[in-house]
Each structure stands twice: as structure tokens, then as C-alpha cells.
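Remarks on the structure that follows.
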Number of protein chains: 2
Amino acid sequence: MLELAILGFLYDTPLHGYELRKRITALTGHVKPIAESTLYPAIKRLEKAGLLERATEPGSVAAPRHVLTLTEDGRHELRRRLAEPAQRDITDENRWFTLLAFLRHLEDAPAQAAVLRRRLAFLEEPASFFYEGDRPLSAEELDDPFRRGILTIARATSRAELSWLRDTLASLDG
Amino acid sequence: MLELAILGFLYDTPLHGYELRKRITALTGHVKPIAESTLYPAIKRLEKAGLLERATEPGSVAAPRHVLTLTEDGRHELRRRLAEPAQRDITDENRWFTLLAFLRHLEDAPAQAAVLRRRLAFLEEPASFFYEGDRPLSAEELDDPFRRGILTIARATSRAELSWLRDTLASLDG
DNA sequence: CAACAATACATCGGTCACGAGGTATAGAGA
DNA sequence: TCTCTATACCTCGTGACCGATGTATTGTTG
């Protein structure tokens with residue numbers, strides 16, 4: 001997911017690591033902060049894989065910067081990751097939101113719609129967090145107020161997202 | 001989080017690894033599946049730390065089972081992790097839901113309320129995923145339909161959770 | 001003028017997680 | 001009889017991520 005965010009931000013414009021870090025922090029930092037010691041090795045991985053190139057520039061304020069630019073391979077790889085996300089990226093809300101944040105880079109409405117439809121299919125499956133045998137339990141059937149909360153919140157999220165997904169799919173298809 | 005789920009399930013009753021895995025899969029598997037190769041080492045870690053003990057029983061169907069029982073240290077450790085969660089466990093919905101699923105084991109209403117209040121404080125902070133300078137942007141200000149979706153869904157979740165939190169805190173306090 | 005914060009990058013050791021694969025038993029279906 | 005599925009546990013290599021720590025430079029604040 002971190003790699004997707006790096007590729008996604010650099011797709012628009014070259015950035016140096018520090019600026020990239022600030023953008024990633026703004027995007028997902030309030031939920032899941034990214035440590036510097038995670039970002040810099042991730043940049044190195046992507047560089048080693050030929051997805052980005054670095055150019056050293058004198059720092060405008062302090063130390064010299066490494067300006068990062070996506071290669072053509074990098075641009076292609078981002079589109080690939082957006083078009084063919086792992087199932088994890090569909091089901092885990094953190095990953096899904098990161099994917100959504102850059103989905104516009106896909107630039108192909110049917111491909112975008114196909115990704116949204118995978119999320120739609122996931123949300124339409126009858127799933128719960130709590131079961132009696134195989135039967136999913138509803139919030140009303142739980143005594144535990146905290147577990148009831150999980151289902152209440154999850155249901156509200158799911159409803160809002162389903163309605164957004166259907167609207168957006170309609171406008172992508174239409 | 002995996003460790004919290006293990007401790008949480010074993011707090012109620014001793015279980016063997018395979019059954020534990022099924023319960024964890026039911027709880028969070030549709031969002032974030034847990035591999036066997038993650039579960040068994042985690043059990044070993046907890047055993048090594050003295051938080052649980054294993055007893056070998058002949059398998060009812062096939063191979064022999066290792067029935068896992070929490071030690072007194074393990075029971076104490078679960079309560080500690082529930083009462084003093086890391087900030088991560090408060091902000092990341094996956095982690096937060098796992099914590100909520102076992103919060104009833106805290107058995108002390110003021111301690112439960114204190115945890116809920118940490119989540120409340122987090123949700124009341126004005127945070128977005130997208131900014132113009134320092135100002136958080138609202139869904140209406142975004143052109144990108146996918147980014148607008150993120151904010152729409154996050155806002156619906158937040159509203160539902162705030163209302164649930166306030167109700168539940170009122171009943172815990174009253 | 002000294003201390004501190006912000007900019008900018010990096011390494012190191014350790015933990016956690018995953019996929020691929022392995023071992024073994026028992027019952028069900030072809 | 002053979003294969004398949006379910007039960008039940010395990011190891012190994014790899015990679016992701018974190019906290020702690022280090023190195024510079026510049027601007028701000030007391």
C-alpha cells in the first residue's frame with residue numbers, strides 16, 4: 001500500500017522524499033502513520049525495481065534533496081496495480097481507500113468500473129463479524145454493546161458505500 | 001492485533017489452534033484473512049511469554065490437538081492491552097474493531113468508557129484525507145469522484161460511530 | 001548567541017506477517 | 001481402491017515495517 005501511494009503521488013509530478021512523506025502523512029497519517037524508516041527503504045525498493053529514478057538537487061532550505069521521478073515502467077506498474085488489485089486491497093478499508101485515492105490515474109472508465117464492481121461484489125456478500133453456526137448475527141441479536149457497535153458502524157459504512165458505488169458506477173457506465 | 005484476538009478468544013474458554021483459527025477467520029477473515037503460518041508462530045510467542053499453556057489431547061477426528069489455556073499472566077495481559085491500547089489501535093479501524101470485540105472482558109465500566117473516550121477524541125479531531133494547505137477539504141470541493149467517495153464514506157462511518165459512542169458512553173456512565 | 005525546530009536523508013536490529021511447502025490421520029465419494 | 005476433503009500442526013525464506021539513532025544544514029526564538 002505504501003508503494004502504491006508512492007507511485008500514485010509521483011504519477012502527477014516528481015517529488016523528493018521529504019515532500020512525499022508529508023503527502024502520505026496527510027493522506028493516511030491520521031489513521032496509520034508511516035515512519036521515515038519505512039518510507040526510505042520503500043523508495044529504494046522501487047528504485048531498484050526500475051520504477052523510479054532519483055536526481056540530486058541542492059536543498060532549497062537545508063540538506064540536498066533526492067528528486068524522484070517515475071520511469072515509464074513505474075507509470076505502467078501503477079496502472080497495473082490499480083487495474084489488478086489483490087483481494088486484500090478490495091476487502092481491507094485502509095488499502096481500498098489508498099487505491100481509491102489514485103484510481104483516477106487509470107483513465108479508462110470501464111477499467112475503473114471493473115475495480116468498483118469488485119468492491120461492490122465484496123460488500124454485497126452476506127458477511128458479519130459474529131455467527132451462530134453459519135448464520136450471520138445482526139446487531140440486535142447481540143448482548144455485548146461493543147460488538148453491537150461494530151455491527152452498527154459496519155452497517156452504516158456499508159450502506160453509504162453501496163449507495164456511492166451504485167451512483168458512481170451509473171455515471172461511469174452512462 | 002492477532003495476539004489480542006488469541007488472548008480474547010481464550011479468555012472465554014480453552015481452544016485448540018485449529019478452532020482458534022476458525023474463530024479468528026469468522027471475526028476478521030472477510031476483511032483481513034490470517035494465514036496458518038502467522039497463527040501458529042503467534043501462539044508460540046504467547047506460550048514462550050508465559051501467557052498461555054498447551055496440553056496435548058487426542059484429536060477427535062484426526063491429528064492430536066494442542067489445547068490452549070490462558071495463564072493468570074495471560075488474563076492479566078489481555079486486560080492490560082484492552083485498558084491501555086496503543087494509539088494505532090485507536091485510529092486504525094481494523095485494530096479498533098478487534099479491540100471492541102473483546103472490550104467486554106475489561107469488566108470495569110469506567111475503564112471501558114475511558115477507552116471509548118479515546119476513540120471519541122480521535123473522531124472529533126478535524127481530519128481529512130485531502131488538504132489545501134492546512135485546511136481539510138470537504139467532499140464537495142473535490143473533482144475526483146473516487147476521492148469524493150472516500151470522504152463520503154468516511155463521513156458516514158464517522159457519524160454513525162460518533163452517535164453510537166455517545167449513546168454507549170451515556171449508558172456506561174449512567 | 002545558544003538552543004531548538006524544521007528540513008532532508010540514511011542505517012540497524014528486531015518483530016511480525018506471508019506464501020509455499022511439508023507431515024499425518026480419518027472419513028466420503030468415485 | 002483411490003483420491004479428495006477436512007482436520008490438525010509445523011518450518012523456512014523473504015519481505016515489510018518499526019523505533020532508535022545518526023548526520024548535516026538553515027532559520028527562529030528566547
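Side chains are part of it too, since the values below use all heavy atoms of this structure and drop only hydrogens, waters and symmetry mates. Numbers restart at 1 for each chain; the letters A, B, ... are given by sequence-line order, proteins then strands.
Remark: nothing in residues 10-31 of chain B comes within less than 4.0 Å of DNA chain C through any heavy atom.
For the pair Ile43(A) CD1 and dA10(C) P, the computed distance is 8 Å after rounding to whole Å. In this structure, the CG atom of Leu4(A) is 12 Å from the P atom of dC17(D), given to the nearest Å. Rounded to a whole Å, the CZ atom of Arg65(B) is 17 Å from the P atom of dA6(D). Counting to the nearest Å, the C1' atom of dC10(D) and the CG atom of Leu68(B) are 14 Å from each other. We find that NZ of Lys48(A) is positioned 14 Å from C1' of dA16(D), with the value rounded to whole Å.
Side-chain N/O atoms of Arg104(A) and Gln112(A) include no donor and acceptor closer than 3.5 Å. Glu141(A) and Ser138(A) form a side-chain donor-acceptor contact under 3.5 Å, judged by distance and modelled atom types alone.
Leu46(B) and Val67(B) are assigned to two separate hydrophobic clusters, defined by single-linkage of ILVMFWY side chains at heavy-atom distances under 4.5 Å.
Across every non-hydrogen atom of Leu100(A) and Leu116(A), the tightest pair is CD2-CD2, 4.0 Å.
One finds no side-chain N or O of Lys44(A) lying less than 4.0 angstrom from the OP1 or OP2 phosphate oxygen of dC9(C). Between Tyr40(A) and the phosphate of dC9(C), there is a side-chain N or O to OP1/OP2 separation shorter than 4.0 Å. At dC10(D), one or more side-chain N or O atoms of Arg54(B) fall inside 4.0 Å of OP1 or OP2 (strictly under the cut-off).
No salt bridge links Glu93(B) with Lys32(B); every basic N to acidic carboxylate O contact stays at or beyond 4.0 Å. Between Glu47(A) and Lys44(A) there is no salt bridge, since no side-chain nitrogen of the basic residue lies less than 4.0 Å from a carboxylate oxygen of the acidic one.
Between Leu82(B) and Val115(B), the closest side-chain pair of non-hydrogen atoms is not below 4.5 Å. Residues Glu161(A) and Thr157(B) are not in side-chain contact: their nearest non-hydrogen atoms beyond the backbone lie 4.5 Å or more apart.
For Phe102(B) and Tyr11(B), the gap between ring centers reaches or exceeds 6.0 Å.
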Starting at the 5' end of nucleotides 12-21 of chain C, put B wherever the base has a protein heavy atom under 4.0 Å, S where only the sugar-phosphate does, and a dash everywhere else. ----SSBBB-

